[in-house]
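Below: one structure, written as structure tokens.
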There are 2 protein chains.
Amino acid sequence: MAQNKKEEFKKSDLELADFAKAISHPARVAILKTISKKNMCICGEIVDVLPLSQSTVSQHLRELLKAGLLEGTVDGTKSCYCINWKAFARFSKGFNEFFNSAKSRAESFEKKKCC
Amino acid sequence: MAQNKKEEFKKSDLELADFAKAISHPARVAILKTISKKNMCICGEIVDVLPLSQSTVSQHLRELLKAGLLEGTVDGTKSCYCINWKAFARFSKGFNEFFNSAKSRAESFEKKKCC
DNA sequence: ATTTAATATCGCAAATATACGATAATTAAT
DNA sequence: ATTAATTATCGTATATTTGCGATATTAAAT
């Protein structure tokens, strides 16, 4: 992007965009669904159900950790991952506020649109 | 990415990821908020409130159009954009289903976590 | 008829993201 | 002590995204 302009946006816009980015790849959506179905998963279980190599899955897991959506612990040779529900709830709230505040504003005019 | 594996994921995972991708940049979040506040905007009004060049804003607008979140009409030399509320509602529903179904599953175990 | 205004698109450069194999590190199993 | 299993990370290749200036197009204003 030649230059990164992200920091020049409103913090709230950036935060929502970052939330969205964390789940903007189907692998990461699938990882979150897989873990939430089983409460917790070791890395290998996730690799088994995704059409990606172990190293690539590990990379996606790292991103979800970085975004705060996952927590992980090491158990012998295995790594166990589970959902950070607190962060998950913040995500959910962020999206809902965005959608709902936009929609409620829309109710006020609703007629004179150009398209 | 060497190879694109996106098509090998479940359709619903891909769809949610694509929704998320559409709002995964603060400029696009800001654009949607700006338009929803005023019901409709011409391109120039959006350019005025974003820290980006006209051509870059136009590109983000195009992406939001492609994602279906915006509709646009030409009015003389100006381009008017407004929110496609139907698509917007589908987005919102998609996110909520994702968040809520994960969360409701979580309630069932909730204790024996590894992290 | 010219000039101005508004916007989309093209071409390019730089930054990020995606994917994988190879490898290292660590623990478990033999 | 070796070997096998598990996973994170490194290096690398490729694809995509982001950003901008320049330009083309079209309509409006002069």
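The sequence lines fix the lettering, A, B, ..., with proteins before strands; numbering per chain opens at 1.
Regarding contacts with the backbone of C:dT18, a side-chain N or O of A:Arg28 is found under 4.0 angstrom from either OP1 or OP2. At the phosphate of C:dC20, OP1 or OP2 sits under 4.0 Å from a side-chain N or O atom of B:Lys5. The phosphate of C:dT16 has OP1 or OP2 within less than 4.0 Å of a side-chain N or O from A:Asn4. The side chain of A:Tyr81 contributes an N or O atom lying less than 4.0 Å from OP1 or OP2 of D:dA8. Distances shorter than 4.0 Å separate none of the side-chain N or O atoms of B:Arg62 from OP1 or OP2 on C:dA8.
A donor-acceptor pair under 3.5 Å links the side-chain atoms of B:Lys5 to the main chain of A:Pro51, judged by distance alone. For B:Asp13 (side chain) and A:Pro26 (main-chain N/O), no donor-acceptor pair under 3.5 Å exists by modelled atom type.
Ion pairing between A:Glu107 and A:Lys103 fails under the 4.0 Å rule for side-chain N and carboxylate O.
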Donor-acceptor list for residues 55-62 of chain A side chains, cut-off 3.5 Å, not counting sequence neighbours:
{"residue": "A:Ser55", "atom": "OG", "partner": "A:Ser53", "partner atom": "OG", "Å": "3.3"}
{"residue": "A:Thr56", "atom": "OG1", "partner": "A:Ser53", "partner atom": "OG", "Å": "3.0"}
{"residue": "A:His60", "atom": "ND1", "partner": "A:Arg28", "partner atom": "NH1", "Å": "2.9"}

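Closest approach to the B:Glu63 side chain among D:dT18, C:dT7, D:dA8 is made by D:dT18 (side chain taken as heavy atoms from C-beta onward). Comparing D:dT18, D:dA8, C:dT18 against the side chain of A:His60 picks out C:dT18 as the nearest.
Under the 2.5 Å cut-off for SG-SG separation, B:Cys82 and A:Cys115 qualify: their sulfur atoms lie closer than that. Between A:Cys80 and A:Cys41, the two SG sulfurs stay at or beyond 2.5 Å from each other.
Applying a 4.0 Å cut-off to non-hydrogen atoms, the residues of residues 50-59 of chain B that approach DNA chain C are B:Gln54, B:Ser55, B:Ser58, listed by residue number. A heavy atom closer than 4.0 Å to some atom of DNA chain D occurs in no member of residues 64-72 of chain A. Contacts between residues 14-21 of chain A and DNA chain C, counted as heavy-atom distances below 4.0 Å, involve A:Lys21.
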Can you check each nucleotide of nucleotides 24-30 of chain D against protein heavy atoms at under 4.0 Å and return B for base, S for sugar-phosphate only, - for none, in 5' to 3' order?
--BBS--
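By the salt bridge (charged side-chain N to carboxylate O under 4.0 Å, His left out) test, A:Glu71 pairs with no residue at all, sequence neighbours left out.
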